[in-house]
There are 2 protein chains.
Amino acid sequence: MDESTRSSEKLRQAVDVFWETFPPLWRMIHVHIREVAVEQFNITVEQFHILRHIRRGRDSVSALAEAKDISRPAISQSVDLLVTRGLIVRSIDPQDRRHVKLDLTADGNALMDAIFGDTRQWMMKTLEPLSADEIQALTCSMESLKKIL
Amino acid sequence: MDESTRSSEKLRQAVDVFWETFPPLWRMIHVHIREVAVEQFNITVEQFHILRHIRRGRDSVSALAEAKDISRPAISQSVDLLVTRGLIVRSIDPQDRRHVKLDLTADGNALMDAIFGDTRQWMMKTLEPLSADEIQALTCSMESLKKIL
DNA sequence: TGTTAATGGTTAATTGTCGAAACTATTTTA
DNA sequence: TAAAATAGTTTCGACAATTAACCATTAACA
């Protein structure tokens, strides 16, 4: 077995273990967020993700649509709902009057703080069984993944 | 700073880098699967996930509903569609006639083989820039995550 | 400079998916 | 044997997503 064959076997192995791990993990997180977001704050998980993106600086309908890979009208409607809920505000950019800037309100920020705080607690609790080395390896792995995205 | 404070800082760090990495990564995968599943095979990503679960042994409506955390009627309807598409078959378990066993048809299996093959190729290509050590660390991390789920 | 194209966003109409409630059928339990 | 629990489906209402058409603004260019 030559070098490249061996390394491609490793790759394949990584991909396979990925499929056994990521989907259930993501699902757990999804379920947890839903519990907090829906039951405590009465917003859907999708709305949570929109708020999350706005908080991270995606401040227009187009940017959100691109980030979430759904249509602009769909975003526009969700934004409508979140505006009426008082969680975000629209404001027109004087530099480019086509651009409608989106920002979290104080309420929106407070809600996100609460959900993130809660989720972080939960995730920390979930990861607690791991050893310090495993935590370290996990962090490094994610750093290297982030690098290639 | 005592021992437990330091380790909880590490945990928090892991959680934070997680949030910067996972959602965009998952989105990329989602987009890729959609490209293959929708454009080549004309099924939705959600349908793909149902087929994936069936393939992995979740062979009843209830098991799928539990695994995906959505209602049984929703699953039942999706299953309906996939049956009419000829991708899965329902069969009644003679041992327990309430239980409707779900199985992929030859077509369904072929479709999943194709999507998985394609996706694996794509993921391997995506992970290729990583060094052998990084791949190794990634695999280990996912093994340890799998352990605690 | 004035027309055209591109960008950013919304509205309207349609489709599709999900969930709750109600139902049938089967099996388990008391 | 009657009641309860389990497995699945059907119906119906609510919500979310898409496409097409639209308005406003800015950029491109002939």
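Every chain is numbered from 1 and lettered A, B, ... according to where its sequence line falls, protein lines coming before strand lines.
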OP1, OP2 of dT10(C) versus side-chain N and O of Arg90(A): anything below 4.0 Å? yes

How many whole angstroms separate atom CZ of Phe48(B) from atom P of dT17(C)? 17 Å

Atom pair distance, as rounded to whole Å: CZ in Arg72(A) and C1' in dT7(C): 8 Å

Contacts to DNA chain D from residues 59-68 of chain A, heavy-atom cutoff under 4.0 Å, which residues? none

Ignoring backbone atoms, test whether Ser78(B) places a side-chain nitrogen or oxygen under 4.0 Å from the OP1 or OP2 oxygen of dC18(C). yes

By nearest nucleotide on DNA chain D, pick out whichever of Asp80(B) and Leu81(A) is the more 5' one. Asp80(B)

Under the side chain to side chain contact (heavy atoms under 4.5 Å, CB included) rule, collect the residues that match up with Ser62(B), sequence neighbours excluded. Ser60(B), Arg72(B)

Under 4.0 Å protein heavy-atom contacts per nucleotide of nucleotides 21-30 of chain C, with B for base, S for backbone only and - for none: B----BS---

Round to the nearest Å and state the distance from Ile70(A) atom CD1 to dT15(C) atom P. 21 Å

Applying side chain to side chain contact (heavy atoms under 4.5 Å, CB included) to Gln77(B) and not counting sequence neighbours gives Pro73(B)

Using 4.0 Å as the upper bound for N to carboxylate O, is an ion pair formed by Lys101(B) and Asp103(B)? yes

How about Phe48(A) and Phe41(A): are their ring centres within less than 6.0 Å of each other? no

Please state how far atom CD1 in Ile92(A) lies from atom P in dT26(D), giving the value in whole angstrom units. 10 Å

Given Lys146(A), Lys10(A), Lys147(A), the one that forms salt bridge (charged side-chain N to carboxylate O under 4.0 Å, His left out) with Glu134(B): Lys147(A)

Would you check if the side chain of Thr105(A) reaches a backbone N or O of Leu87(A) as a donor-acceptor pair within less than 3.5 Å? yes

Rounded to whole Å, please give me the gap between CG in Leu102(A) and C1' in dG8(C). 11 Å

Nearest whole angstrom, please: distance from the P of dT10(C) to the NZ of Lys101(A). 15 Å

Residues in side chain to side chain contact (heavy atoms under 4.5 Å, CB included) contact with Ser7(A), at least two apart in sequence or another chain: none

Pairing of Lys68(B) and Glu46(B) as salt bridge, 4.0 angstrom limit: yes

Reading DNA chain D from 5' onward, which residue's closest nucleotide shows up sooner: Gln47(A) or Val79(B)? Val79(B)

Pairing residues for Arg52(B) by the salt bridge (charged side-chain N to carboxylate O under 4.0 Å, His left out) criterion, not counting sequence neighbours: none

Leu82(B) CG to dT17(C) P, in whole Å, measures 10 Å

Whole-Å distance between dT10(D) C1' and Ile75(B) CD1? 16 Å

Hey, is the side chain of Gln77(B) pairing donor to acceptor with the base of dG16(C) inside 3.5 Å? no

